[in-house]
Amino acid sequence: MLEVNFIRENKDFIVDSLSKRNMNSSLMIESVIDLDVRKRKLQTELDKILHQSNLISKEIGDLFKIGLQKEAIVLKEKTIKLKEASKELNEELISTKDELQQLLYKIPNIPHKSVPKGKSEEDNVEVLSEGEIPKLPVNSLPHWELAKKYDIIDFELGNKITGAGFPVYKGKGAKLQRALISFFLDMNTNAGYDEVQVPHLINEKSAFGTGQLPDKEGMMYYIKEDDLYLIPTAEVPVTNIYRDEIILESQLPKLLTSYTPCFRREAGSYGAHVRGLNRLHQFDKVEILRVEHPDNSYTALDGMVEHVKSIIKKLNLPFRILKLCGSDLGFTSCLTYDFELFSAGQNKWLEVSSVSNFESFQANRLKLRFKDSSGKTKLAHTLNGSSLALPRVLATLLENNQTDKGIVIPKVLVPYTGFSVID
RNA sequence: AGAGAGGUGGCCGAGUGGUCGAAGGCGCACGCCUGGAAAGUGUGUAUACACCAAAAGUGUAUCGAGGGUUCGAAUCCCUUCCUCUCUGCCA
């Protein structure tokens with residue numbers, strides 16, 4: 001959520017920046033400003049009335065004390081009128097505030113100045129491409145065939161137990177999953193991220209805090225009885241650790257990592273591009289997250305990109321990094337780098353990580369602030385990234401490393417798996 | 001899940017209708033004292049919003065959250081969330 005004061009002072013800049021997202025926000029921005037003017041006016045009026053009312057109430061108390069009942073009763077009538085007026089104003093104020101709030105929720109974050117304009121994912125900019133794309137033998141298979149061949153992932157069994165998009169990992173497949181999780185967590189903690197385990201269900205406040213609500217309500221599984229949502233990403237519970245917190249400047253930055261399963265309804269998804277592990281309703285992901293001083297958030301973003309890069313390189317998988325264009329950029333993000341692995345069995349790129357700087361957009365909703373050296377409270381910046389999401393890493397690994405002797409496990413993972421080949 | 005108790009500032013803790021944004025203590029910051037430190041001592045120490053060009057200042061709101069009674073609520077009533085104790089259940 002953008003700050004109203006910022007909007008008020010940077011109207012043209014905002015409309016111009018948001019046009020990168022292919023949206024015309026000028027009407028919205030104008031209404032924000034109008035509503036804000038109205039809100040402040042109402043606030044001032046209301047405060048004045050309440051002030052009067054408070055003064056009179058005090059007087060009434062004093063009059064009662066010295067026994068001047070009659071005078072007190074006269075004053076009482078005065079306050080009754082004030083009360084009526086304040087009630088009306090208050091209602092108007094609340095509805096104006098609410099209207100303003102709802103509107104603010106609808107305005108996406110301002111793309112960073114380096115974000116290219118674009119109409120679709122085609123316009124994302126490749127900033128790096130590394131690693132060799134393997135030349136697979138003619139009889140090579142996509143990962144869902146490999147999964148069946150070696151009996152390591154059972155999609156049908158998942159269908160039986162739950163439904164499509166909930167695979168069952170078996171034997172070496174299950175162990176490989178666990179190995180990847182441990183490996184990623186170790187890489188992250190070695191880089192200074194503190195590991196946390198967080199709830200997999202979140203309340204409404206948390207979902208609002210990171211921006212899943214109200215604009216992405218349909219993406220989350222919802223448990224009506226308890227009014228809770230299943231997490232679509234660890235980002236939500238982990239970031240909400242700092243909701244309503246004021247951190248000392250000296251304690252910044254905060255670096256956290258967490259492994260969680262992620263649950264996504266993915267309503268409307270179907271077809272070949274969601275086959276196998278490509279898109280699931282439940283998947284595992286290790287997330288990294290930072291709370292940063294505003295001056296440092298872009299340096300931190302670069303650091304996160306380097307970190308994710310180093311993990312992928314250790315796995316020896318071909319990858320590329322894209323800078324997302326305006327139209328592909330997430331609602332809450334200022335700047336996002338996507339990591340994609342080349343999956344040789346399907347002959348296409350698969351997104352495995354998304355690293356973003358949200359600047360103060362989430363922090364404003366979360367009321368996540370820090371005190372600077374002069375004692376002023378300011379919004380912090382939040383960043384997060386996958387490090388990494390498992391299924392597509394697994395898919396690529398299976399496909400790219402297939403040989404006639406089985407699937408070769410990358411060296412760095414062998415200490416975690418205890419085996420070096422799936423056959 | 002049932003019965004009971006309770007949620008007050010960074011922490012502890014007082015406060016059962018007006019003088020309470022809130023005693024007292026601890027902590028923290030700055031100063032005095034000291035050769036230095038401790039002790040002692042003085043001052044300050046929440047957040048949000050509004051007014052103001054801004055600072056100073058002023059106002060409003062906030063005692064888990066939401067609503068109500070009242071001229072006036074931390075204090076009374078209702079709803080809700082959470083915590084603790086006992087009982088039950090359970091990995």
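First the proteins, then the strands, lettered A, B, ... as listed; each starts at 1. We use all heavy atoms of the structure for the numbers below, so side chains are in, but hydrogens, waters and symmetry mates are not. Computed from a prediction, not measured in an experiment: that's the story for all the values here.
- Base pairing annotation: A29(B) forms a Watson-Crick or G-U wobble pair with U43(B), both donor-acceptor distances under 3.5 Å.
- For the P atoms, the distance from C12(B) to A5(B) is 22 Å, rounded to whole Å.
- Across all strands shown, A38(B) has no partner, as no Watson-Crick or G-U wobble contact with both distances under 3.5 Å is found.
- Across all strands shown, U60(B) is found opposite A48(B) as a Watson-Crick or G-U wobble partner, with both distances under 3.5 Å.
- Between U62(B) and C20(B), the two C1' atoms lie 13 Å apart (nearest whole Å).
- Taking the C1' atoms as reference points, U60(B) lies 13 Å from G21(B), given to the whole Å.
- Arg40(A) has no side-chain polar atom (N or O) that falls below the 4.0 Å cut-off from OP1 or OP2 of C49(B).
- Within a 6.0 Å radius of CD in Glu121(A), other residues, nucleotides and ligands contribute 12 heavy atoms or fewer.
- Counting heavy-atom neighbours within 6.0 Å of Lys170(A) NZ, excluding the residue itself, gives a total above 12.
- A salt bridge is absent between Lys117(A) and Asp123(A); no separation between the charged side-chain nitrogens and carboxylate oxygens falls under 4.0 Å.
- Of the residues in residues 53-60 of chain A, those placing a heavy atom less than 4.0 Å from an atom of RNA chain B are Asn54(A), Ser57(A), Ile60(A), in numerical order.
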Next on the checklist: Let's go through Arg8(A) and Asp36(A) carefully: what are the C-alpha distance in whole Å and the side-chain angles of both, what is the deciding distance for salt bridge (charged side-chain N to carboxylate O under 4.0 Å, His left out) to 0.1 Å, and is it a yes or a no?
Outcome noted: CA-CA 9 Å; Arg8(A) 198 160 54 193; Asp36(A) 179 54; 2.7 Å; yes

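- Nucleotide U85(B) is matched to A3(B) when pairs are restricted to Watson-Crick or G-U wobble geometry with both distances under 3.5 angstrom.
- Atom CD of Glu88(A) has 12 or fewer heavy atoms from other residues, nucleotides or ligands within 6.0 Å.
- Of all nucleotides present, only A65(B) satisfies the Watson-Crick or G-U wobble test against U79(B), with each distance under 3.5 Å.
- Across C71(B), C49(B), U47(B), the shortest atom-to-atom separation from the side chain of Arg369(A) is found for U47(B).
- Distances shorter than 4.0 Å separate none of the side-chain N or O atoms of Lys48(A) from OP1 or OP2 on U58(B).
- Annotation for Gln102(A): atom CD counts as buried by contact number, over 12 foreign heavy atoms lying within 6.0 Å.
- Base-pair partner of G18(B): C71(B) (Watson-Crick or G-U wobble, both distances under 3.5 Å).
- If you take atom C1' in U58(B) and the same atom in U70(B), they sit 28 Å apart, rounded to whole Å.
- Residue whose closest nucleotide on RNA chain B sits further toward the 5' end, between Ile94(A) and His51(A): His51(A).
- Atom-to-atom, CG of Leu46(A) to P of A48(B) comes out at 20 Å; the value is rounded to the nearest Å.
- Checked against C71(B), A50(B), U47(B), the side chain of Ile246(A) finds its nearest nucleotide in U47(B).
- Screening Glu399(A), Arg275(A), Lys148(A), Arg392(A) for a side chain to side chain donor-acceptor pair (under 3.5 Å) with His143(A), the sole residue that qualifies is Glu399(A).
- For the C1' atom pair drawn from G67(B) and C81(B), the interatomic distance equals 14 Å after rounding to whole Å.
- Taking atom CG of Leu228(A) as the reference point, atom C1' of C82(B) lies 14 Å away to the nearest angstrom.
- Aromatic ring orientation, Phe208(A) versus Tyr105(A): tilted (interplanar angle from 30° to 60°).
- Spacing between atom CD of Gln43(A) and atom C1' of C52(B) amounts to 15 Å, rounded to whole angstrom units.
- For Glu91(A) and G66(B), the CD to P distance is 16 Å, given to the nearest whole Å.
- Taking atom CG of residue Asp244(A) and atom C1' of nucleotide A46(B), one finds them 14 Å apart after rounding to whole Å.
- In Leu27(A), the CG atom is not crowded: 12 or fewer heavy atoms of neighbouring residues, nucleotides or ligands sit closer than 6.0 Å.
- For the P atoms, the distance from C84(B) to G25(B) is 31 Å, rounded to whole Å.
- Between Ile80(A) and Asn5(A), the residue anchored nearer the 5' end of RNA chain B, judged by the nucleotide with its closest heavy atom, is Asn5(A).
- Using the Watson-Crick or G-U wobble rule with both distances under 3.5 Å, A23(B) pairs with nothing in any strand shown.
- Spacing between atom CZ of Arg243(A) and atom C1' of G64(B) amounts to 13 Å, rounded to whole angstrom units.
- With rounding to whole Å, Leu50(A) atom CG is found 18 Å from C49(B) atom P.
- With C71(B), A46(B), A50(B) as the candidates, the nucleotide lying closest to the side chain of Lys39(A) is A50(B).
- A donor-acceptor contact shorter than 3.5 Å is absent between the side chain of Asn188(A) and the backbone of Thr257(A).
- What separates CD of Gln52(A) from P of C71(B) is a distance of 18 Å, to the nearest Å.
- Distances shown here put a side-chain N or O of Lys371(A) below 4.0 Å from the OP1 or OP2 atom of U47(B).
- Comparing the same atom, P, in U75(B) and in A91(B) gives a spacing of 43 Å after rounding to whole Å.
- Between A14(B) and A23(B), the distance separating the two P atoms is 14 Å to the nearest Å.
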